[in-house]
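The structure appears below as structure tokens.
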Amino acid sequence: MSALAQLPLDATFAPIKEADVSREMTTRYMQDMLDFAEVDVVIVGAGPAGLSAAYEFTKHPEIKVALIEASVAPGGGAWVGGQLFTPMVVRKPAHLFLDDLNIQYDEKENYVVLKHAGLFTSTILAKVIASSNVKLFNATSVEDLIIRNGTVAGVVTNWALVTKAHGTQSCMDPQVIESKITISSCGHDGPFGATGVKRLAELGLIKSVPGLGALDMNAAEDAVVAKTQEIIPGMIVTGMEVAEAYGTARMGPTFGAMLLSGRKAAILAVQQLKGSKAAVGK
């Protein structure tokens with residue numbers, strides 16, 4: 001019989017001081033802020049593409065990664081499949097990414113279907129959080145980029161609630177995370193949609209952000225993966241931010257390109273880091 005099975009239903013909890021709870025949370029979180037003030041890679045946005053990139057980095061424990069998400073709950077649009085329906089459609093060959101995650105699905109000729117999109121999000125999120133080299137900072141906003149001599153050198157961060165409250169108080173200055181590579185995975189639509197490339201356009205580092213074209217799933221997914229690349233030195237774009245940056249078609253509720261675009265972005269970053277022998281710890 002397991003120890004849990006022997007646990008009485010009216011068991012009394014071990015005593016604890018309320019102050020100890022605060023100390024545990026504060027010291028551990030602040031240590032993370034110290035440890036990840038300078039990293040190899042910052043991923044901005046923990047939607048399906050950002051999470052896929054982060055998962056790929058878990059295979060490279062020598063590379064230190066900060067994953068930043070403005071929402072309390074990471075996952076972006078990957079908690080539902082589309083129009084608040086829960087099944088998730090993933091076109092082949094992206095099902096091989098699901099195989100790597102050991103996620104079950106129903107197989108069709110050209111695509112697979114997960115019974116609930118949350119199965120993907122919760123599985124990949126658990127693996128990313130459990131890794132030794134990727135740290136998730138959720139409820140944290142990226143307010144700006146660090147740019148030196150035309151190269152992105154990190155991000156400017158603040159609590160998400162502080163970001164929303166700018167203009168209601170006196171100056172609430174941010175902090176920073178310096179990085180060798182920034183992967184921008186800010187998605188489309190919404191208050192934070194494509195904020196990475198939009199900021200580049202404001203600064204004159206790219207000409208414009210044309211935004212999404214009309215929906216065409218077949219054209220959109222191929223284009224998003226193909227155009228996942230370094231848009232200016234130090235910044236790689238991935239996921240639906242690629243579509244915003246290059247004006248490709250909207251893809252709608254199919255997720256294969258998010259998975260493979262995120263993976264490609266991470267692989268491109270790994271190649272750069274290993275090529276320069278710049279990874280932390282080496």
Side-chain angles (χ1 to χ4, degrees), residues 18-39 41-51 53-54 64-80 84 118 121-122 125 128-129 134-148 152-179 181-206 209 211-212 234-235 237-241 244-245:
E18 285 82 357
D20 286 341
V21 176
S22 293
R23 290 190 184 99
E24 290 290 351
M25 291 189 298
T26 302
T27 56
R28 292 168 187 267
Y29 195 90
M30 293 304 165
Q31 189 61 54
D32 285 335
M33 293 184 72
L34 290 172
D35 291 343
F36 287 83
E38 188 173 2
V39 298
V41 179
V42 167
I43 302 172
V44 184
L51 285 173
K64 183 182 287 188
V65 180
L67 173 61
I68 302 177
E69 170 55 46
S71 297
V72 172
W79 287 110
V80 293
L84 303 183
T121 307
S122 58
L125 183 58
V128 166
I129 291 175
V134 181
K135 173 62 184 178
L136 169 66
F137 293 94
N138 53 323
T140 302
S141 292
V142 170
E143 293 189 339
D144 205 350
L145 303 170
I146 303 170
I147 297 180
R148 303 189 186 107
V152 177
V155 296
V156 179
T157 64
N158 216 326
W159 308 125
L161 291 178
V162 171
T163 299
K164 291 183 178 180
H166 284 319
T168 67
Q169 302 289 329
S170 59
C171 182
M172 295 179 284
D173 278 334
Q175 297 202 87
V176 302
I177 298 177
E178 292 190 44
S179 64
I181 298 173
T182 296
I183 294 177
S184 196
S185 179
C186 298
H188 65 95
D189 300 336
F192 295 102
T195 50
V197 295
K198 288 176 181 176
R199 183 60 173 146
L200 295 182
E202 288 176 353
L203 295 169
L205 295 171
I206 60 175
V209 179
L212 301 175
M235 179 185 279
V237 288
T238 186
M240 288 308 298
E241 190 162 7
E244 290 271 14

Inset, instruction - Would you confirm whether T121, through its side chain, and A78, through its main-chain N or O, come within 3.5 Å as a donor-acceptor pair? - result: yes

Legend entry - Side-chain donor/acceptor of N138 to backbone N/O of V72, under 3.5 Å: yes

Legend entry - Gap separating the CG atom of L212 from the CD atom of E244, nearest 0.5 angstrom: 4.0 Å

Legend entry - Heavy-atom closest pair, residues E69 and G47: OE1-N, 4.2 Å

Legend entry - K135 vs D35 side-chain heavy atoms within contact, under 4.5 Å: no

Legend entry - Heavy-atom side-chain proximity of L67 to L51 below 4.5 angstrom: yes

Inset, instruction - Mind listing the closest non-hydrogen atom pair of P48 and G75 along with its distance? - result: CD-O, 3.6 Å

Legend entry - Y29 and W159 aromatic ring geometry - parallel, tilted or perpendicular at 30°/60° bounds: tilted

Legend entry - Closest contact, heavy atoms only, D20 versus R23: OD1-NH1, 3.0 Å

Inset, instruction - Return the minimal non-hydrogen interatomic distance between G50 and S185, and the atom names on each side. - result: N-OG, 3.1 Å

Legend entry - Shortest non-hydrogen separation from P74 to W79 and the atoms involved: O-NE1, 2.7 Å

Inset, instruction - Measure the spacing between CD1 of I43 and CG of L136 and express it to the nearest 0.5 Å. - result: 10.0 Å

Inset, instruction - List the steps, then state whether side chain to side chain contact (heavy atoms under 4.5 Å, CB included) holds for V65 with V39. - result: CA-CA 6 Å; V65 180; V39 298; over 6 Å; no

Determine all donor-acceptor pairs shorter than 3.5 Å in which one atom belongs to a side chain in residues 190-205; sequence neighbours excluded.
unit_1, atom_1, unit_2, atom_2, d
T195, OG1, F192, O, 3.3
K198, NZ, G193, O, 3.1
R199, NE, D144, OD1, 2.8
R199, NH1, E202, OE1, 3.1
R199, NH2, D144, OD2, 3.2

Inset, instruction - Quick one: list whatever passes side chain to side chain donor-acceptor pair (under 3.5 Å) with S179, sequence neighbours left out. - result: T182

Legend entry - Value rounded to 0.5 Å, distance of CD1 in I68 from OG1 in T140: 7.0 Å

Taking distance alone, no hydrogens or angles, what donor-acceptor pairs closer than 3.5 Å link side-chain atoms of residues 168-178 to residues at least two apart or in another chain?
unit_1, atom_1, unit_2, atom_2, d
T168, OG1, A165, O, 2.5
E178, OE1, R148, NH2, 3.3

